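For clarity, every value in this text was computed on a predicted model and none was experimentally measured.
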Amino acid sequence: TRHMLALDAITQYLGIGSYASWNEEAKLSFLQMELSSKRPLFNLADLVTHGVDDKVLTTLKVFETIAEMDAESLGAYVISQSTAASDVLAVMLLQQQFGMTPSSGKMMRVVPLFETLNDLTNAPDILEKLFQNYYYIGAVKGKMEVMVGYSDSAKDAGRLAACWAQYTSQEKMVQVAKRYGIELTFFHGKGGTVGRGGNPALYRAVLSHPPNTINGRFRVTEQGEMIRQNFGSPAIAERALDIYTAAVLRENFVKHVEPTPSWRKQMQRISDTSCADYRELVRDDPRFVPYFRQATPELELGSLNIGSRPAKRSPKGGIESLRAIPWTFAWGQTRLNLSAWLGVGCGLNPKRKKDKAELREMYVQWPWFREIVDLLSMILSKTDYSISLNYDNLLVDKTEDLIALGNEVREKLVETRQAVLDVSGSKAFGGPHVQLLRGTSALRNPYVDSINCVQAELLKELRQMGEEESEIKSIRKDALVVSINGISQGMRNSG
């Protein structure tokens, strides 16, 4: 991370070794020692003279700039891709270097963001190490905030495995915090789409969180089109905040359904099975990356300057470096929504009749599980087999491998639809969310279908034009941007 690179440059400048090469215990020992010291660790001007990397200087100047601002100008300092306790203490040390300490009143809350399946699994142990650190305990004054990543965990392991990891991780983190007398607040990093943790039914979404994880404290992100949808006017914003407030207050008085040991075993089976099925296609199948880049506008999304951040964390990386937003957004554009349901059909379709009966029991009796299945029903109702096939016919190379993969993906879609219907006992997609969809979908879909057909033709034409810019190519790009906006608005939940 940027913080590790900065500390590595500092330790090498000081002649005490390479911070990046130290193990976790060595890092924690060094950070504890420096946090307890009253002397400055380095002088920024000396590092500039020494000629450290520009990225390191940029990182340090960010802290310098923050230190010059009023204490209440910014809230939490969120650490993306947190994997260890040292990630948190490193940021606290860099803050301290520029005068942002508990005693000065300028120290920002340092919030680790646990994003991948492994990070969520390891999160309780990371909190345990932090709570055993006397400097950290003294600095946070009995309160801690943790951000749970919904987008990247789903992109890493698939929807069902990510949901179960988020559930169990939050449970265990709460238990750890309780042992040390820490008031823990979860910051839920959700997007608008189901594949990124979104839920159009805000009230039910709050109530379906794991027991004892809210306790009157709830923080969540609003992103993309969902900002306009939920806060686009004063009246709508007031209504959205009313719903959040009512749900958080009501949650304190709801008798939560605790999963039985048998249900937990069933969820672990679902998690393992769905994750394996998801990763087999996304990570292990050599056909997948070429298919993804041809069948969706992923490459065009990166070049059209759409969105608030670069499409990739690393320009040279593959799927693993692609941010969760363009990953989900690209599949939403083709109406396949693969990122939201891949692996679900395999996980919800056990071989034993006993398991099938138990899944039905879980759906009826366990609100958390029911909400997940209902959301999947809703997103499956927005998928369109024929629209997706049209993108394949126009854009994907006519090779046996890629054509076969497209067909396999749509077969998985059919399998997933049936598995969700079997579990819910419903005869129609959409589940309880259908009241939100029936009228609006009937009105919007004929228009969105047409935009999808135009978009596929635009993508085909633009890809045949090559790299050289021209007036006609510029016009086609503008039209593509309009089509992207039209589809995202038509499908909703795309933030």
In short, L376 meets A340 closest at the heavy-atom pair CD2-O, 3.4 Å
As an exercise, state the distance from OG of S339 to CZ of F329, rounded to the nearest 0.5 Å. 12.0 Å
Would you mind reporting whether I270 and M267 have side-chain heavy atoms less than 4.5 Å apart? yes
Does the ring centre of Y77 sit less than 6.0 Å away from the ring centre of F63? yes
Will you find, in the side chains of S488 and N485, an N or O donor that is under 3.5 Å from an N or O acceptor? no
Going from CE on M107 to CD on Q95, what distance comes out if it is rounded to the nearest 0.5 angstrom? 6.5 Å
Output yes when a side-chain donor or acceptor of N407 lies under 3.5 Å from a complementary backbone atom of I403, and no otherwise. yes
Flag yes if more than 12 heavy atoms outside R239 fall under 6.0 Å of its CZ atom; otherwise flag no. no
Side-chain contact, heavy-atom cut-off 4.5 Å: L5 with D53? no
Any idea which heavy atoms bring L7 and A90 closest together, and the distance? CD1-CB, 3.4 Å
Tell me, with the steps shown, if R283 and D156 meet salt bridge (Lys or Arg N to Asp or Glu O under 4.0 Å). CA-CA 9 Å; R283 290 189 178 186; D156 174 48; 2.3 Å; yes
Assess, by modelled atom type and distance only, whether the side chains of Q12 and D8 contain a donor and an acceptor separated by less than 3.5 Å. yes
Using modelled atom types and a 3.5 Å cut-off, is there a donor and acceptor pairing between side-chain atoms of E298 and backbone atoms of R293? no
Can you say whether the rings of W366 and W368 are parallel (under 30°), tilted (30 to 60°) or perpendicular (over 60°)? tilted
Search all heavy atoms of L402 against all heavy atoms of P290 and return the closest pair with its distance. CD2-CB, 4.3 Å
Check step by step if side chain to side chain contact (heavy atoms under 4.5 Å, CB included) holds for R279 and L117. CA-CA 12 Å; R279 287 178 171 176; L117 195 66; 3.9 Å; yes
CA sep, side-chain torsions, deciding dist, call: Q333, Q455, side-chain hydrogen bond (donor to acceptor under 3.5 Å, both in side chains): CA-CA 9 Å; Q333 287 288 299; Q455 184 184 85; 2.7 Å; yes
Taking the basic N atoms (NZ, or NE/NH1/NH2) and the acidic carboxylate oxygens, is any pair closer than 4.0 Å for D422 and R417? no
Which pairs pass salt bridge (Lys or Arg N to Asp or Glu O under 4.0 Å) with one or both residues in residues 384-409, sequence neighbours excluded? R287-E408, R335-D384, D392-R410
Under 3.5 Å, is there a donor-acceptor pair between the side chain of S82 and the main chain of L113? yes
For the atom pair CD1 (I484) and CD (E300), what is the distance rounded to the nearest 0.5 Å? 8.0 Å
Rounded to the nearest 0.5 Å, what separation is found between the CD atom of E222 and the CG atom of N230? 4.5 Å
Kindly say whether V248 contributes a backbone atom to a donor-acceptor pair with the side chain of R217 at under 3.5 angstrom? no
Within the 4.5 Å heavy-atom criterion, are M465 and I472 side-chain neighbours or not? yes
On a heavy-atom basis, which atom in K356 and which in P350 lie closest, and how many Å separate them? CE-O, 2.9 Å
Sub-3.5 Å donor-acceptor pair from the side chain of N349 to the main-chain atoms of G345, do we have one? no
Locate the shortest heavy-atom distance separating G343 from D277; write the atom from each residue and the value. CA-OD2, 3.4 Å
If you take all heavy atoms of F292 and A330, which pair is closest and at what distance? CE1-CB, 4.0 Å
Is there a donor-acceptor contact under 3.5 Å from the side chain of R476 to the main chain of L458? no
Heavy-atom check, side chain of Y244 versus side chain of V206, under 4.5 Å: yes
When you check the side-chain N and O atoms of S153 and Q166, is any donor under 3.5 Å from an acceptor? yes
If only atom types and distance count, is the side chain of T11 paired as donor or acceptor with the main-chain N or O of Y19 below 3.5 Å? yes
Could you check, using the six-membered ring where one of them is a Trp, whether F186 and H209 have ring centers closer than 6.0 angstrom? no
Atom OG1 of T416 and atom CG of L348: how far apart are they, to the nearest 0.5 Å? 8.0 Å
Contact check, side chains of M92 and V88, non-hydrogen atoms, under 4.5 Å: yes
Could you check if a side-chain atom of L207 sits within less than 4.5 angstrom of a side-chain atom of Y203, using non-hydrogen atoms only? yes
Could you walk me through whether I66 and F98 pass the side chain to side chain contact (heavy atoms under 4.5 Å, CB included) test, one step at a time? CA-CA 9 Å; I66 295 172; F98 292 96; over 6 Å; no
Can you find a pair of side-chain heavy atoms, one from V110 and one from I79, that are under 4.5 Å apart? yes
L380 and W341, any side-chain heavy atoms less than 4.5 Å apart: yes
Does either side chain, that of S474 or that of E469, offer a donor lying less than 3.5 Å from an acceptor on the other one? no
If you measure from CD1 on I372 to OG on S208, what distance do you get to the nearest 0.5 Å? 7.5 Å
Side-chain donor/acceptor of S169 to backbone N/O of L120, under 3.5 Å: yes
D285 and Y291: side chain donor to acceptor below 3.5 Å: no
Take L413 and L336 through the test side chain to side chain contact (heavy atoms under 4.5 Å, CB included) and record every step on the way to the result. CA-CA 8 Å; L413 171 61; L336 189 59; 4.1 Å; yes
Taking everything shown except Q268 itself, do over 12 heavy atoms lie less than 6.0 Å from its CD? yes
E145 (side chain) donor-acceptor with A76 (main chain) under 3.5 angstrom: no
A quick test of your reading: do over 12 heavy atoms of other residues, nucleotides or ligands sit less than 6.0 Å from CD of E68? yes
Would you sort out whether H188 and R219 count as a side chain to side chain contact (heavy atoms under 4.5 Å, CB included), showing the intermediate values? CA-CA 6 Å; H188 302 277; R219 192 174 182 212; over 6 Å; no
